[in-house]
Amino acid sequence: MENIRSVSDTNQAEIQKIFKAQQQRQYDIGRSIAAERIVKLKRFHQAITDYTSEIRQALYDDLRKHPSETDLTEIYCITGEIKHAIRHLKKWMKPKRVATPIALLGTGSYIHYEPKGVVLIIAPWNFPLNLTFGPLVSAIAAGNCAMVKPSELTPHTSHIMKKMIESLFSPDEVALVEGGVDTSQGLLKLPFNHIFFTGASAIGKIVMEAASKHLASVTLELGGKSPTIVDETASVSTAARRIAWGKFINNGQTCIAPDYLFVHNKIKNAFTERLQKNLEEFYSAEPEKSESYCRMVNNRHFNRVKSYVDEAVSDGAKIISGGVYKNDQNYIAPSLLTDVKPDSALMQEEIFGPVLPINFYEDLNEPLHVIRCREIPLALYIYSNSRKNIKQIIQNTRAGGTVINHSVIHFYQNNLPFGGSNNSGIGKSHGFFGFQAFSNARGIMKQVLPFSGIDLMMPPYTDMKKKLIDLTIKWF
Ligand code: NAD
């Protein structure tokens, strides 16, 4: 937007040089004890504090994001993830003893979490700091070397992150590599031990295919359409306010934003009126002038979302709020639509913009049927005060995560696994689950006593040994 900056691709020779250096260094880094990793995490935390004003400016330049929204949706997520890792890392790294079955009496076993080795993190533009540094915190906590490629669409934030990484790490431990698709594909040719990708489902398939060439493990944090059900027992005012917030924060460019609503007919009018009021309270009657309302990341995405709305309207949909555009600013007013056809792009594609289609229903089975016919969403939100309805929704749908009576806040809960299922993702992140994603759970077993039952069952298989094997199968 302002101070246009751009990102250039990093050449393949440079990428290979860093990768080789990290491969050589990986065992030094991997041997580090919890206290050493905690020092790195504390320095990382300090850098976020030191660079806060530059981070806020970069996010304003990339997405016209209000500094408070940057604090809440970018900085807080990273500082929270770092503090959580610092608090728990010692416990996560501690070998985990497991029970010994009777047949293996005389042995002891434990799980040792070792680093995967050299890992690649590819990040999207929508929360460019949060979704680049979040997985990096987990990779560092797990003792890996990492190459990180942020999105080329948010160059100001990418530039600041590069500066920070260079001030904190030598490139043979952590390196931030700038560039677009060519750089990304250059990186994907290398035999990383793990690839953590956040982005669109279509690109996730490209990443997984590239990973298969080296059998690299993957964590794929993907997108999709997250449905929200507001039933007849929900508190209308609470639901409307929290849905307005979760949907329109970051201009709707949030992977877990409520993508489309199902509202019970009984509260139809009260809910839509309240939602309209909330949008006005948040962003004023002229959102274009509101400092709290950010923008679409670029003109391509602006046109994409506008075309969804134009198509829906020409097919009979009604705009009940918004529908105002400013092409030169990538501005789309917060928009609410009703009567959207199920086969329209607005109801088929991930919207990823400030437009919310509202559907109404009479019987809870109607939305459940629609949701089940689609890909598994990254998130599913339930606004209800009926235990029966909540149970029915959870048991009859699948989703990466669910929040009851709020929107998107599960992202902040580091004790829960975060991620999708199938089309919305593979693997989980945050807290211990992020540490696990970047670790190999190595099973280690030791023969402690000189005597082992298995020693008695080795060839040749005499009658006596056959009896012993039969007994073992029968009783142990
Ligand atoms: P994207 O998939 O276009 O880009 C993500 C990254 O992949 C970028 O760094 C980009 O340079 C790289 N890339 C793009 N095309 C590539 C290709 N052909 N080969 C190799 N690399 C390529 O995604 P985006 O537009 O940056 O982000 C939006 C998408 O990300 C949405 O679908 C959203 O739901 C999803 N998302 C998911 C999560 C999550 O946690 N599950 C979080 C944020 C965004």
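We use all heavy atoms of the structure for the numbers below, so side chains are in, but hydrogens, waters and symmetry mates are not. As the structure lists them, so they are numbered: ligands from 1, and atoms in each ligand from 1. Start at 1 with the first residue, then count along the sequence.
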### Query
When the ring planes of Trp92 and Phe432 are compared, do they come out parallel, tilted or perpendicular, using 30° and 60° as the limits?
tilted
### Task
Run the numbers for me: atoms of ligand 1, each under 4.0 Å from some heavy atom of Gly223, listed by number.
32 (O), 34 (O)
### Task
Could you tell me whether Leu378 approaches ligand 1 through its side chain, its backbone, both or neither, with non-hydrogen atoms closer than 4.0 Å?
side chain
### Task
Would you check whether Thr198 has a nitrogen or oxygen atom less than 3.5 angstrom from a nitrogen or oxygen atom of ligand 1?
no
### Task
For atom 19 (N) of ligand 1, grab the closest protein heavy atom and report residue, atom and distance to one decimal in Å.
Gln185 NE2, 3.0 Å
### Query
How about His214: does its NE2 atom have over 12 heavy atoms from other parts shown lying under 6.0 Å from it?
yes
### Task
Using heavy-atom distances, let me know which of Ser184, Ala123, Pro128 sits nearest atom 6 (C) of ligand 1.
Ala123
### Query
Nearest protein heavy-atom contact for atom 22 (C) of ligand 1: which residue, which atom, what distance?
Ile203 CG2, 3.5 Å
### Query
Looking only at protein heavy atoms, which one is nearest to atom 7 (O) of ligand 1, and how far off is it?
Phe197 CE1, 3.4 Å
### Per-atom contacts, ligand 1 versus Ile122 - under 4.0 Å to a heavy atom
6 (C), 7 (O), 9 (O)
### Message
When you compare ligand 1 with Glu152, is there at least one nitrogen or oxygen pair between them that comes in under 3.5 angstrom?
### Response
yes
### Query
Is any side-chain heavy atom of Tyr381 closer than 4.5 Å to a side-chain heavy atom of Arg242?
no
### Message
If I apply the N/O under 3.5 Å rule, does Ala200 come out as touching ligand 1?
### Response
yes
### Summary
Looking at Gly186, Ser151, Cys255, the heavy atom closest to atom 36 (N) of ligand 1 belongs to Cys255
### Selected option - heavy-atom contact closest to atom 32 (O) of ligand 1, from Lys149, Glu349, Glu350
Glu350
### Query
Do the numbers put Arg37 on top of the ring of Phe435, so that NZ or CZ is under 6.0 Å from the six-membered ring centre and no more than 45° off the axis?
no
#### Entry: Presence of salt bridge, Glu291 and Arg64, under 4.0 angstrom
yes
### Query
With a 3.5 Å cut-off and no angle check, do the side chains of Ser217 and Lys116 form a donor-acceptor pair?
yes
### Task
For atom 24 (P) of ligand 1, find the nearest protein heavy atom and state the residue, atom name and distance (0.1 Å precision).
Trp125 NE1, 3.3 Å
### Query
Can you tell if the side chain of Val174 reaches within under 4.5 Å of the side chain of Leu168, non-hydrogen atoms only?
no
### Query
Should the pair Lys205-Glu209 be classified as a salt bridge under the 4.0 Å nitrogen-to-oxygen rule?
no
#### Entry: Heavy-atom check, side chain of Arg398 versus side chain of Arg372, under 4.5 Å
no
### Query
When you check the side-chain N and O atoms of Thr154 and Asp62, is any donor under 3.5 Å from an acceptor?
no
### Message
Against Lys65, only a single residue in Thr157, Asn251, Thr70, Thr73 fulfils side chain to side chain donor-acceptor pair (under 3.5 Å); can you say which?
### Response
Thr73
### Query
Is Gly199 in polar range of ligand 1, meaning some N or O pair under 3.5 Å apart?
yes
### Query
Hey, which atoms in ligand 1 end up nearer than 4.0 Å to a heavy atom of Ile206?
18 (N)
### Message
As an exercise, identify every atom of ligand 1 less than 4.0 angstrom from a heavy atom of Leu222.
### Response
37 (C), 38 (C), 39 (C), 41 (N)
### Query
Angle class for the His410/Phe418 ring planes (parallel below 30°, perpendicular above 60°, tilted otherwise)?
tilted
### Task
Among all protein heavy atoms, pick out the one at the shortest distance from atom 27 (O) of ligand 1; state its residue, atom name and that distance to 0.1 Å.
Pro124 CB, 3.4 Å
### Task
Pick one of side chain, backbone, both or neither for how Leu131 approaches ligand 1, counting any non-hydrogen atom pair under 4.0 Å.
side chain
### Message
Any carboxylate oxygen within less than 4.0 angstrom of a Lys/Arg side-chain nitrogen, looking at Glu178 and Lys162?
### Response
no
### Query
Atoms of ligand 1 less than 4.0 Å from Val181 heavy atoms?
14 (C), 15 (N), 16 (C), 17 (C), 18 (N), 19 (N)
### Message
Under 3.5 Å between any N/O of Asn126 and any N/O of ligand 1: does that happen in this structure?
### Response
no
### Query
Any idea which atoms of ligand 1 are less than 4.0 Å away from a heavy-atom of Glu221?
37 (C), 38 (C), 39 (C), 40 (O), 41 (N)
### Message
Minimum distance, heavy atoms only, to atom 28 (C) of ligand 1: which one of Phe411, Phe418, Phe352, Phe127 is it?
### Response
Phe352
